[in-house]
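Below: one structure, written as structure tokens.
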Amino acid sequence: TELSDRLEKLKTGAGDLPIRPISNGGDFVVVSKAAGIASVPLNLSDDRTVTAWARFHHPEVNTAFSEPQPELAPHRLDTYTAGLLIVCLTPESHARWRDAFSLHKVEKQYTAWVWGTPEKPEFDLRTSLLLVTGKARVLKAEEKDPFAAEFEEPGTSDKSWKVERSSSTHTASSRVKVLESHPDGYSKVLVTTFTGIRHQVRAQMAHAGFPLVGDRVYDEQIDSRPFSVAHHMLWASSLQTEEGTWTDAPPEDWRPVSNP
């Protein structure tokens with residue numbers, strides 16, 4: 001049938017994707033993916049993913065995992081975030097790494113270009129993030145979680161506030177170090193995250209007044225910026241774990257360039 005043919009074709013994977021192997025740990029590999037490559041497949045049509053790359057270069061995953069489109073990465077990067085990603089080759093490895101991330105045993109660092117010039121060379125960010133409709137919103141200190149007791153605050157008819165997790169509010173903790181500042185009003189920063197919340201870096205930096213260059217989700221002033229880029233500029237540049245430390249600094253030419 002057409003479906004079975006499609007599933008068999010998926011197993012061949014894709015060998016020409018812009019993904020670079022960084023290290024081989026036996027039952028997992030560390031790779032660096034380019035912006036535009038999805039960490040995990042979302043449907044049977046997704047063939048430009050880290051999973052497709054692994055199926056081509058590590059075909060043993062086809063027998064190790066039973067799902068037609070297995071999620072091999074125990075953590076995610078946004079599609080347009082480049083950099084380091086762990087790819088598991090066995091279900092046991094995936095479970096082990098999921099536990100490591102859940103227990104905050106993995107320290108991640110991101111390099112980013114942001115609008116603005118922070119006054120302090122280094123500062124900490126600790127906020128409560130509310131995950132709704134695929135976006136993280138920072139709760140103010142005096143603001144209560146509208147979903148603490150129910151999925152919808154009593155008396156509220158706004159159905160757009162869809163909670164994507166059973167626990168909607170998460171404490172996010174990061175440390176920011178300024179690497180360089182540009183006279184045109186943007187800066188390069190290194191962000192160390194001590195928690196792993198969806199869109200943590202993007203949401204926290206925007207809330208602090210330094211949204212990522214090119215971030216059309218969190219930069220409320222993006223249409224008035226002096227220039228635009230194709231997508232947000234964020235690079236996962238370091239992973240520090242009990243099993244190893246891996247780094248992948250962005251190239252020298254990775255900097256804001258006007259998008260014609």
Side-chain angles (χ1 to χ4, degrees), residues 32 35 75-78 80-84 101 104 106-132 134-145 168-240 245-259:
S32 178
H75 62 120
R76 293 191 184 189
L77 296 178
D78 294 334
Y80 286 101
T81 297
L84 294 173
F101 280 97
H104 306 301
V106 180
E107 183 179 290
K108 295 175 286 184
Q109 289 186 324
Y110 296 85
T111 306
W113 285 100
V114 301
W115 289 111
T117 305
E119 293 182 2
K120 297 181 179 179
E122 192 167 347
F123 55 94
D124 293 333
L125 296 174
R126 185 176 176 85
T127 55
S128 293
L129 293 181
L130 179 66
L131 298 179
V132 287
K135 181 178 178 181
R137 182 168 73 89
V138 175
L139 288 177
K140 299 177 182 178
E142 70 280 4
E143 188 178 4
K144 294 182 179 180
D145 179 0
S168 58
T169 303
H170 305 263
T171 299
S173 179
S174 305
R175 178 170 296 135
V176 183
K177 180 179 181 180
V178 181
L179 300 178
E180 63 177 275
S181 295
H182 196 277
D184 286 346
Y186 52 86
S187 302
K188 187 179 184 181
V189 298
L190 180 69
V191 183
T192 302
T193 60
F194 304 108
T195 50
I197 314 302
R198 178 186 293 183
H199 292 188
Q200 175 173 328
V201 175
R202 297 168 64 188
Q204 284 193 309
M205 292 305 296
H207 180 70
F210 310 105
L212 269 63
V213 173
D215 197 335
R216 295 196 167 275
V217 175
Y218 292 99
D219 184 3
E220 297 180 352
Q221 301 179 43
I222 192 165
D223 292 331
S224 62
R225 298 299 183 187
F227 61 85
S228 65
V229 297
H231 49 74
H232 65 262
M233 300 197 68
L234 185 62
W235 190 292
S237 49
S238 175
L239 289 171
Q240 299 182 45
T245 297
W246 303 279
T247 59
D248 181 47
E252 286 294 325
D253 61 354
W254 185 77
R255 54 181 57 250
V257 177
S258 180
N259 187 41

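Values below: every heavy atom of this structure, side chains too, minus hydrogens, waters and symmetry copies.
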Would you compute the distance between atom CE of Met205 and atom NE2 of His199 and round it to the nearest 0.5 angstrom? 16.0 Å
Salt bridge (Lys or Arg N to Asp or Glu O under 4.0 Å) with Asp223: which residues, sequence neighbours excluded? Arg216
When you look at Leu239 and Val106, which way does the side-chain contact (heavy atoms from CB on, under 4.5 Å) test go after all the steps? CA-CA 7 Å; Leu239 289 171; Val106 180; 4.0 Å; yes
Nearest heavy-atom contact between Ser174 and Val191 is CB-CG1, 3.9 Å
For Thr195 and Ser173, indicate whether the former's side chain and the latter's backbone hold a donor-acceptor pair under 3.5 Å. yes
From CA spacing to verdict: side-chain contact (heavy atoms from CB on, under 4.5 Å), Tyr110, Leu77: CA-CA 11 Å; Tyr110 296 85; Leu77 296 178; 4.0 Å; yes
Look up atom CZ in Arg202 and atom CG in Asp215, then write down how far apart they are to the nearest 0.5 Å. 4.0 Å
So how far is it from Leu129 CG to Arg198 CZ, rounded to the nearest 0.5 Å? 12.0 Å
Evaluate the side-chain contact (heavy atoms from CB on, under 4.5 Å) criterion for residues Glu180 and Trp113: first the C-alpha distance (whole Å), next the side-chain angles of each, then the deciding distance (0.1 Å), finally the verdict. CA-CA 10 Å; Glu180 63 177 275; Trp113 285 100; 3.7 Å; yes
Trp254 to Pro250 - nearest heavy-atom pair and separation: CE3-CB, 3.6 Å
Closest non-hydrogen atoms of Tyr218 and Ala203, given as atom of the first, atom of the second and distance, are CE2-CB, 3.8 Å
Are more than 12 heavy atoms, taken from residues, nucleotides or ligands other than Glu220, located less than 6.0 Å from that residue's CD atom? no
His104: partners by ring-ring contact (aromatic ring centres under 6.0 Å, His included), with sequence neighbours left out: none
Apply side-chain contact (heavy atoms from CB on, under 4.5 Å) to Glu107 and Thr245, showing your working. CA-CA 9 Å; Glu107 183 179 290; Thr245 297; over 6 Å; no
For residues 231-238, which side-chain donor-acceptor pairs fall under 3.5 Å, sequence neighbours excluded?
from, atom 1, to, atom 2, distance (Å)
His232, NE2, Thr81, OG1, 2.9
Trp235, NE1, Asp248, O, 2.9
Trp235, NE1, Asp248, OD2, 3.3
Ser237, OG, Gln109, O, 3.3
Ser237, OG, Thr111, OG1, 3.1

Determine whether Gln200 and Thr193 satisfy the following criterion, side chain to side chain donor-acceptor pair (under 3.5 Å), listing intermediate values before the conclusion. CA-CA 8 Å; Gln200 175 173 328; Thr193 60; 4.9 Å; no
With sequence neighbours left out, what residues match Ser181 under side-chain hydrogen bond (donor to acceptor under 3.5 Å, both in side chains)? Ser187
To check you understand the geometry: which heavy-atom pair defines the closest contact between Lys108 and Gly196, and what is its length? NZ-CA, 3.9 Å
CD1-CG distance between Ile222 and Leu212, expressed to the nearest 0.5 angstrom: 10.0 Å
So which pairs with a foot in residues 116-128 pass salt bridge (Lys or Arg N to Asp or Glu O under 4.0 Å), sequence neighbours left out? Asp124-Arg175
Less than 6.0 angstrom separating the ring centers of Trp115 and Phe227, yes or no? yes
Give a yes or no answer on whether the side chain of Asp78 reaches the backbone of Tyr80 with a donor-acceptor pair at less than 3.5 Å. no
Residues which pass ring-ring contact (aromatic ring centres under 6.0 Å, His included) with Phe101, listed by chain and number, not counting sequence neighbours: His75
